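When reading the values below, keep in mind they use all heavy atoms of this one structure, side chains included, and skip hydrogens, waters and symmetry mates. If you're wondering where the values come from, they're calculated on a predicted model, not measured in any experiment.
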Amino acid sequence: MTEVSAVKEECAKRERIAESKAQEADRLKSHLKAVEADLSGQIDKKAQNLVESKVNALHGVYEAKQRSLDRKFKAKTASYDSCMLGLLLYGVLITVFTAVRSEAFVSDFKTFFKVVWGFLLTCFGWLENGANFMAQIGDKIPQEIVATIVHWLLWFIVLFGVGIGAVVLLLIGIAKLVKWYAEEYADNTSLGFALVSLALSIFFAEEIRAFLPINLLLLLILVHIVYVLIRWYVKGCKRSRGYY
């Protein structure tokens with residue numbers, strides 16, 4: 001019985017030791033898991049910081065490269081614009097000097113504006129005749145003072161009212177036409193076509209006048225109108241086919 005009791009005590013002692021070691025192993029396992037989680041978090045954080053630093057560095061390099069390319073592009077654009085402006089001014093000056101020396105072109109230029117001025121004077125004469133005709137209505141009033149007042153009142157209303165209204169409508173129409181042209185066709189192509197047309201009409205003024213007896217300035221305007229109509233037709237065809 002003594003030996004059995006001693007064996008039982010030894011077994012109980014060993015069980016307590018085993019339980020203690022098992023608890024210690026559990027605590028160590030929990031500690032290792034906590035350490036592992038902490039190390040994993042630190043690694044993830046360091047990796048994220050490293051990636052962010054790399055991304056920031058690459059972004060800085062990209063922005064610096066983009067700024068450099070933008071500066072080069074602006075410099076080349078400015079150089080190109082300066083070159084084009086110089087060539088344009090040179091072409092305009094040569095064309096103007098040649099136009100001044102061309103007797104046919106200078107004559108047609110003066111004739112064109114003389115005809116325009118004559119047409120304006122004719123319109124003013126028609127308007128004045130209309131004002132005089134309307135003013136005669138006031139002359140039919142028996143009272144002389146009232147007739148005079150009505151006469152000149154009608155004259156001023158017709159002459160200045162209709163005239164100013166016509167001028168305002170004309171200016172509005174011209175402004176809308178210029179705006180439409182500026183939005184749709186005011187580009188380098190139109191400018192180049194206009195300069196080429198002007199240069200050809202100046203250099204070959206005598207030949208054109210011999211072949212086609214028409215005012216050169218009027219011919220330039222008509223040619224440019226035809227050019228705009230052709231571009232309008234082509235643009236309409238492209239829009240109908242889905243190119244715009």
Would you call the rings of Phe193 and Tyr227 parallel, tilted or perpendicular if under 30° counts as parallel and over 60° as perpendicular?
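Aromatic pair Phe193/Tyr227 classed parallel.
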Can you tell me how the ring of His224 sits relative to the ring of Tyr181, calling it parallel under 30°, perpendicular over 60° and tilted otherwise?
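Correct class here is tilted.
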Side-chain ([X]) to main-chain ([Y]) donor-acceptor, under 3.5 angstrom:
X      : Y      : answer
Asn215 : Asp108 : yes
Thr77  : Phe73  : yes
Thr122 : Gly118 : yes

Roughly how far, to the nearest 0.5 Å, is the [atom2] atom of [Y] from the [atom1] atom of [X]?
X      : Y      : atom1 : atom2 : result
Phe109 : Leu218 : CZ    : CG    : 13.5 Å
Tyr185 : Trp180 : OH    : CH2   : 4.5 Å
Leu169 : Ile174 : CG    : CD1   : 11.0 Å
Arg71  : Leu69  : CZ    : CG    : 9.0 Å
Lys179 : Glu184 : NZ    : CD    : 11.5 Å
Leu200 : Leu219 : CG    : CG    : 10.5 Å

If you count every heavy atom of other residues, nucleotides or ligands that lies below 6.0 Å from Trp232 atom CH2, does the total exceed 12?
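At most 12 heavy atoms, drawn from other residues, nucleotides or ligands, come within 6.0 Å of this atom.
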Work out which heavy atom in Ser201 is nearest to a heavy atom in Leu216; give both atom names and the distance.
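Ser201 and Leu216 have their closest heavy atoms at O-CD1, 3.9 Å.
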Any donor-acceptor N or O pair under 3.5 Å, side chains Arg231, Ser190
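Yes, because at least one side-chain N or O of Arg231 sits under 3.5 Å from a partner of the opposite role on Ser190.
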